[in-house]
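A short write-up of the structure that comes next.
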Amino acid sequence: MTKEELLRAAKDIFPRAQEDRRYIHRHAETGFSLFRTKAYVKARLLSIGCAVQDCGQAGLTAVIGDPSRGKVILLRSDMDALPISEESGEEFSNREGMMHACGHDLHTAMLLGAAEILKQHESELCGAVKLMFQPAEETLAGAADMIGHGALDAPKVDAAMMIHALAALPLQSGTVIVSAPGISAPAADYFTVTVKGKGCHGSMPHAGVDPLCAAAHVLVALQEIHARELSVSERAVLTIGMLRGGTAANVIPDQVELCGTLRSDSEDTRCYLKQRLTEIAEHTAAAFRARAAVRFDRGCPTLKNDTRLSEAANRYATELLGETMALSSDMIAQHASDRTQQLSGSEDFSYISHAVPSVMFGLAAGRPEDGYIYPQHHPKVRFDENAMPNGIAAYAYFAFRWLEENR
């Protein structure tokens, strides 16, 4: 299949992909509770002739092609939304307090479109394509669950690729961004610090131990790690996003919780942050006669882009879309002035990247000057659907070309 034929096919499939995207968006679901989404995706895969396998708590896989004819490339999309009440104004908005505010509806629809093209040209594949439709990316739990249930086995996967749509990026919609070799998404860890004291009447604080006061000092003390213990070259973030405690203004509570997240581009830094967070929380609380316990709830490692795969992906994207619509992430980084882009969100595709050679693509889906002004995870974020044909084509072309070169 030539690139020209593939681009035409992607444009022809776009109306159906748009319908898929809007259904999934309107019926957004979160975490592993993807009952309607999973049923819809399974039905669509069956309609194009794919044999579908359940995988883990809510994932799906399907294989197109013949593994005995060559290697196996995995294409992954995520299907879950966020617990956000939508304010985008789109006529297909979700009305149930959930929202595809990170573009996973586009990812799923684009991979369904690519699957249709790949299935129509199955005999031309020099090997096999494994499709991975994943739940619970937002909680960083879905990829590990699917891997644990054999997503990278039977047939064994040799390499993997994913696409992430990006809103409010100052690039023409449909521009593909290939991650440079190395780390493209930081490790993430979520944590809870429980500070325990001794409750008492607010008029007699001497009779108790105030965990609110201790927790406030813990929160401030944790900022010292980044300010005084990390090199200026270290990319890391420690954020406390929630402080819970107390039920009345005149009562000192028994305990308080601090909830937050760590992000880092180095596994060594990640370990150091977790160690120091625990030490500072425990000792600071103790200085105020309270006790602190730290619990790390979930997380994921850094996302690693394989050097050879990244270099090949750059060639494929440029072949397909031309130099102006296919860029490398390091080219963008050299010209980036927006400090908010200096540490991206974490991505549990990272688990796959630590198991097989992998590469992450970005897809520009709406410029600020065209009215797409809100970023991912914002209740008003919108994505330009006109980017989807290039995403569909990028999924399919990458699979065709990689299998051809690695047979």
Side-chain angles (χ1 to χ4, degrees), residues 136-144 147 179-196 211 213-244 255-288 290-307 310 329-330 333 336 338-355 357-358 360 377:
E137 188 280 329
E138 295 294 356
T139 60
L140 305 178
I147 292 170
S179 294
I183 305 300
S184 65
D189 290 283
Y190 289 86
F191 62 85
T192 300
V193 180
T194 302
V195 180
K196 295 185 178 182
C213 179
H217 282 275
V218 169
L219 191 155
V220 173
L222 290 176
Q223 311 312 307
E224 181 272 346
I225 301 175
H226 200 283
R228 287 294 177 267
E229 298 188 34
L230 298 183
S231 163
V232 293
S233 63
E234 288 280 4
R235 299 199 333 146
V237 171
L238 189 161
T239 296
I240 301 293
M242 188 183 301
L243 197 160
R244 296 188 293 225
Q255 72 177 43
V256 174
E257 286 186 335
L258 298 163
C259 302
T261 182
L262 299 172
R263 311 283 167 143
S264 62
D265 272 357
S266 158
E267 288 298 320
D268 289 341
T269 302
R270 181 188 186 192
C271 292
Y272 182 79
L273 287 170
K274 293 170 79 170
Q275 174 190 332
R276 290 296 290 138
L277 187 157
T278 302
E279 292 171 350
I280 289 172
E282 291 177 348
H283 289 93
T284 303
F288 292 88
R291 292 175 291 120
V294 179
R295 182 181 76 247
F296 292 96
D297 301 301
R298 63 185 188 275
C300 68
T302 53
L303 196 163
K304 302 190 302 181
N305 295 281
D306 179 75
T307 299
S310 173
S329 63
D330 55 3
D338 185 355
R339 293 176 67 246
T340 65
Q341 300 298 321
Q342 291 182 9
L343 194 73
S344 61
S346 299
E347 166 56 79
D348 78 345
F349 182 73
S350 57
Y351 285 108
I352 297 168
S353 79
H354 282 254
S358 301
M360 176 181 180
H377 289 220

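Predicted model, so just to flag it, every value in this text is computed and none were measured.
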Between [Y] and [X], do the side chains contain a donor N or O and an acceptor N or O under 3.5 Å apart?
X    : Y    : answer
T194 : R295 : no
S231 : S233 : yes
R276 : T278 : no
N305 : S310 : no
T269 : E234 : yes

If you look at every heavy atom in [X] and [Y], which pair is closest and at what distance?
X    : Y    : answer
A281 : V193 : CB-CG1, 4.0 Å
S346 : A188 : OG-CB, 3.1 Å
V195 : A290 : CG1-CB, 3.9 Å

* What's the verdict on side-chain contact (heavy atoms from CB on, under 4.5 Å) for R270 and D268, showing C-alpha distance, side-chain angles and the deciding distance? -> CA-CA 5 Å; R270 181 188 186 192; D268 289 341; over 6 Å; no
* To do: Mark yes or no: K274 above the aromatic ring of F191, with NZ or CZ under 6.0 Å from the six-membered ring centre and no more than 45 degrees from the axis.
  =>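 Because its charged atom misses either the 6.0 Å distance or the 45° angle limit, K274 does not stack over F191.
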Given 3.5 Å as the limit, does a donor-acceptor pair link the side chain of [X] with the main chain of [Y], or not?
X    : Y    : value
S179 : M360 : yes
T307 : P181 : no
S264 : A187 : no
T302 : I183 : no
S350 : C300 : no
D348 : A143 : yes

* Identify, with sequence neighbours excluded, every residue that meets side-chain contact (heavy atoms from CB on, under 4.5 Å) alongside A221. =>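 side-chain contact (heavy atoms from CB on, under 4.5 Å) check on A221 returns I280, T284.
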* Asked: Can you list the residues that meet the side-chain contact (heavy atoms from CB on, under 4.5 Å) rule with T139, with sequence neighbours excluded?
  ->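 Partners of T139 by the side-chain contact (heavy atoms from CB on, under 4.5 Å) criterion, ordered by chain and then number, come out as A136, A141, R298.
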Distance from [X] atom [atom1] to [Y] atom [atom2], nearest 0.5 Å?
X    : Y    : atom1 : atom2 : answer
I147 : Y351 : CD1   : OH    : 8.5 Å
E229 : Y272 : CD    : OH    : 3.5 Å
E347 : I352 : CD    : CD1   : 8.5 Å
L243 : C259 : CG    : SG    : 8.5 Å
L219 : I240 : CG    : CD1   : 5.5 Å
T192 : D297 : OG1   : CG    : 4.0 Å

* Asked: Can you tell if the side chain of L258 reaches within under 4.5 Å of the side chain of V218, non-hydrogen atoms only?
  ->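 Sidechains of V218 and L258: in contact.
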* Asked: Between L230 and L273, is any pair of side-chain heavy atoms under 4.5 Å apart?
  ->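 Contact flag for L230/L273 side chains = yes.
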* Asked: Taking it one step at a time, do E138 and H377 satisfy side-chain contact (heavy atoms from CB on, under 4.5 Å)?
  -> CA-CA 10 Å; E138 295 294 356; H377 289 220; 3.3 Å; yes
* Give a yes or no on whether H283 atom NE2 has more than 12 heavy-atom contacts from other residues, nucleotides or ligands under 6.0 Å away. =>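 No, NE2 of H283 has 12 or fewer neighbouring heavy atoms, counting only those of other groups under 6.0 Å.
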* To do: Using a strict 4.0 Å threshold on nitrogen-to-oxygen distance, state whether K304 and D306 make a salt bridge.
  =>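 Salt bridge absent between K304 and D306.
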